[in-house]
Amino acid sequence: MSSANSLATPTWRGDLDDRVGKYLGRSHRSLKLVRGRETVIYAILIASGLFSLLITGAIIYVLAIETVSFFKSDEVTFANFFGSTTWNPLLGGTKSFGIWALICGTMLVTAIAMSIALPLGLITAIYLSEYAPRGVRNVLKPVLEVLAGVPTVVYGFFALMTITPILQWLHSGFSVYNAASAGIAVGILCLPTVCSLAEDALQAVPRGLREGAYGLGATRFDVSVKVVVPAALSGIISAFLLAIARAVGETMIVALAAGSLAQATLDPRQQVQTMTGFMVQMASGDVSNYGTEYYSMYAVAFTLFVMTLALTMVGNLVRRRFREAYE
Amino acid sequence: MSNPITLTDEATAIEPRPRDGRQTHFAHSRDQASEPTTLAIGVRDLNAWYGDFQALHSISLDIPANRVSALIGPSGCGKSTLLRWFNRMNDTIPTAHARGSVHLGDTDLLSRTTDVVDLRRRIGIVFQRPNPFPKSIFDNVAFGPRLHMKLSRTELQDVVEWALRKAAVWDEVKDRLASPALGLSGGQQQRLCIARAIAVGPEVLLMDEPCSALDPASTLAVEDLIFELRRQYTIVIVTHNMQQAARCSDQTAFFYEGRLIEVGATTTVFTKPKQQQTEDYVSGKFG
Ligand SMILES: Nc1ncnc2c1ncn2[C@@H]1O[C@H](COP(=O)(O)OP(=O)(O)OP(=O)(O)O)[C@@H](O)[C@H]1O
Ligand SMILES: [Mg+2]
């Protein structure tokens, strides 16, 4: 770009022309080889796809078989399982398998967790993506992601040793094991997931949209809330659903901090047992390997599986709706 | 400026200017450059950088009110940079900084204390690539008015219709205002973006290669539009299309490597340029 007349005009170098001309436009690829390789790659991909399908199928099969044998037992009926809120699998004479007590525990913990993780995660994501200077963002985001890698047992102890005492200090009604403490810990656990995925979704919104809005006299807040978040909604919803699924399936924290008394309560100060909490108690406890109480674990697992499946499917539907509206 | 619908009758520039019955025929556009004009934007000794790289060197330029000013020059010569300083769009680029002065009336556009939100309401911009929001056609046009004005539902509908009519897309979209803007063709999207920009009632409209993504028919529609809009707005347009500059601008400024080489009435710049470089460029010898 030195003189006016040379600008944007291609410049030739004879020797380069000669050298490149010797091979430019040729192809040494053998068509047969290329096709063979494509076939092999195709086969590998199909095989891995089938493998994961097979594993999933096997898990569902085992769950289903054991669930069937659970319901065959004289001690349980469908009416009891789906119609009662008393979960009492261990005590001989008064055994009761009302799944709603466990579902209620799971829902309560998940609701507490999400009321922390979703708003906080989204706000943090908006801050990181739209407000934070690049330097801050480049530091904060990896730190947050490290948080997601901390073993959940650590969060469990944190709930028990730190959150619960604080809650008890704030309000004397909290029992040692309680839904609130576990819920808060699960919320903290899910926060980085929400934040990181939502931030990715916000970052994927084209720069041109932001400039368009700024060009109309929008403030940074207007741009974030009225343009960027709506445009990223489908990704944000995905992030939310993944966090919910993670909270529903979280085991270690609830096993440590939520308690082991299954009861249908909405009081966050009480101890509750979640579905996962019950399963880990069964699998690690000293119950016999064939009693009804043992098989009930599979029935609970199957219910949990159906719940998460439903969640995923609803999520996909919602996401598709938003995608249609926004693309 | 409470109601944008009355814009047509109001003087929107900083100083009052004559509102005579000017010819509206396309071919006569250039004649007006010789008439007395008021100043809309005054640029004095503007230097602009991206980091250490100086993109603009000591630019001094007057943008007359109610005229179309074309900025031309080879790729990378700083046209977009200059345009984006007019409404401080460069604030969104961390490395961009500038020294010098750019005035819109009494407002110093480069001052730290200038309210960029208000500035961007007064100086609208249309980008090279149409960038409608992923919202309905109506919501796109209503976006700006909703930010700045408290309007009733019917007033808002009026603004949207007014802007869409001005931007010459009303007839194509009037039956589908609630459908997504991204379902429109590229040319329609660009005119929608123009409607969106004028719906806040700006004084100046900046256009950065507004037709480069458009087919010839849409290009002509947008050019007609530009010509029509100049009666109410001051327009600055960046273009690589010499015919376009010649067709629809009153004043042309030629830039080269960050420097303003020549500025004058479009007729003069295209037929009797003072600089050799300008002549080479407009005659297609380089660039
Ligand atoms: N964000 C940026 N960071 C660093 N340099 C930039 C940036 N934007 C533009 N530049 C540089 O500034 C110079 C002027 O760029 P500008 O976009 O203003 O050119 P232009 O005249 O609009 O070109 P074109 O006709 O290709 O759009 C170029 O050399 C470009 O490489
Ligand atoms: Mg440009």
Side-chain angles (χ1 to χ4, degrees), chain A residues 1-12 128-139 201-237 319-327, chain B residues 73-77 84 87-89 91-94 115-136 139-141 143-148 179-183 193 196-200 202 206 208 256-257 261 275-278 280-281 285-287:
Chain A
M1 254 200 239
S2 49
S3 90
N5 291 317
S6 71
L7 189 100
T9 1
T11 47
W12 305 106
L128 285 182
S129 163
E130 306 301 312
Y131 284 81
R134 199 170 296 174
V136 174
R137 177 173 166 263
N138 290 346
V139 173
L202 296 175
Q203 281 291 308
V205 173
R207 209 185 140 69
L209 285 188
R210 292 188 180 85
E211 293 201 329
Y214 279 124
L216 293 168
T219 62
R220 205 177 271 251
F221 182 76
D222 293 328
V223 174
S224 312
V225 172
K226 294 175 188 159
V227 174
V228 182
V229 168
L233 209 56
S234 120
I236 293 172
I237 289 174
R319 227 170 43 211
R320 206 168 308 151
R321 272 295 286 276
F322 280 109
R323 228 179 243 152
E324 266 164 22
Y326 281 101
E327 270 161 26
Chain B
S75 184
C77 69
R84 291 165 58 92
N87 71 345
R88 294 274 294 273
M89 209 39 133
D91 285 10
T92 59
I93 300 170
D115 177 3
V116 290
V117 167
D118 187 56
L119 169 66
R120 289 177 188 148
R121 185 184 59 71
R122 294 173 65 191
I123 305 187
I125 187 163
V126 176
F127 296 90
Q128 175 170 1
R129 282 176 46 189
N131 57 349
F133 303 131
K135 299 175 187 291
S136 71
D139 286 342
N140 261 276
V141 185
F143 187 88
R146 278 178 176 146
L147 289 179
H148 301 291
S179 49
L182 291 166
C193 290
R196 189 175 70 181
I198 59 181
V200 289
L206 309 173
D208 196 347
Y256 183 68
E257 288 186 353
I261 304 298
Q275 305 292 328
Q276 185 61 39
Q277 275 176 323
T278 315
D280 289 349
Y281 185 72
K285 277 198 193 138
F286 78 91

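A, B, ... follow the sequence lines: proteins, then strands. Residue 1 opens every chain.
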Sub-4.5 Å side-chain heavy-atom contact between A/Val205 and B/Pro134: no
For the OH atom on A/Tyr131, are there more than 12 heavy atoms of other groups (residues, nucleotides or ligands in this structure) within a distance under 6.0 Å? yes
B/Phe143 versus chain A, heavy atoms under 4.5 Å apart: side chain, backbone, both or neither? side chain
Write down the atom of B/Val117, the atom of A/Gly217, and the distance for their closest heavy-atom approach. CG1-O, 3.0 Å
So which of B/Arg196, B/Arg120, B/Arg121 actually passes side-chain contact (heavy atoms from CB on, under 4.5 Å) with A/Leu216? B/Arg196
Checking A/Arg210, A/Glu211, A/Arg220 against B/Thr92 for side-chain contact (heavy atoms from CB on, under 4.5 Å), the one that qualifies is A/Glu211
How long is the span from the NE2 atom in B/His148 to the CG atom in A/Asp222, to the nearest 0.5 Å? 8.0 Å
Counting neighbours of CZ on A/Arg137 that are heavy atoms of other residues, nucleotides or ligands and sit closer than 6.0 Å, is the number greater than 12? yes
Non-hydrogen atoms of B/Met89 and A/Gly215 that approach each other most closely: CE-N, 3.3 Å
Which atoms of B/Leu119 approach chain A - backbone, side chain, both or neither, heavy atom under 4.5 Å: neither
Can you say whether B/Pro130 sits under 4.5 Å from chain A via the side chain, the backbone, both, or neither, judging by heavy atoms? neither
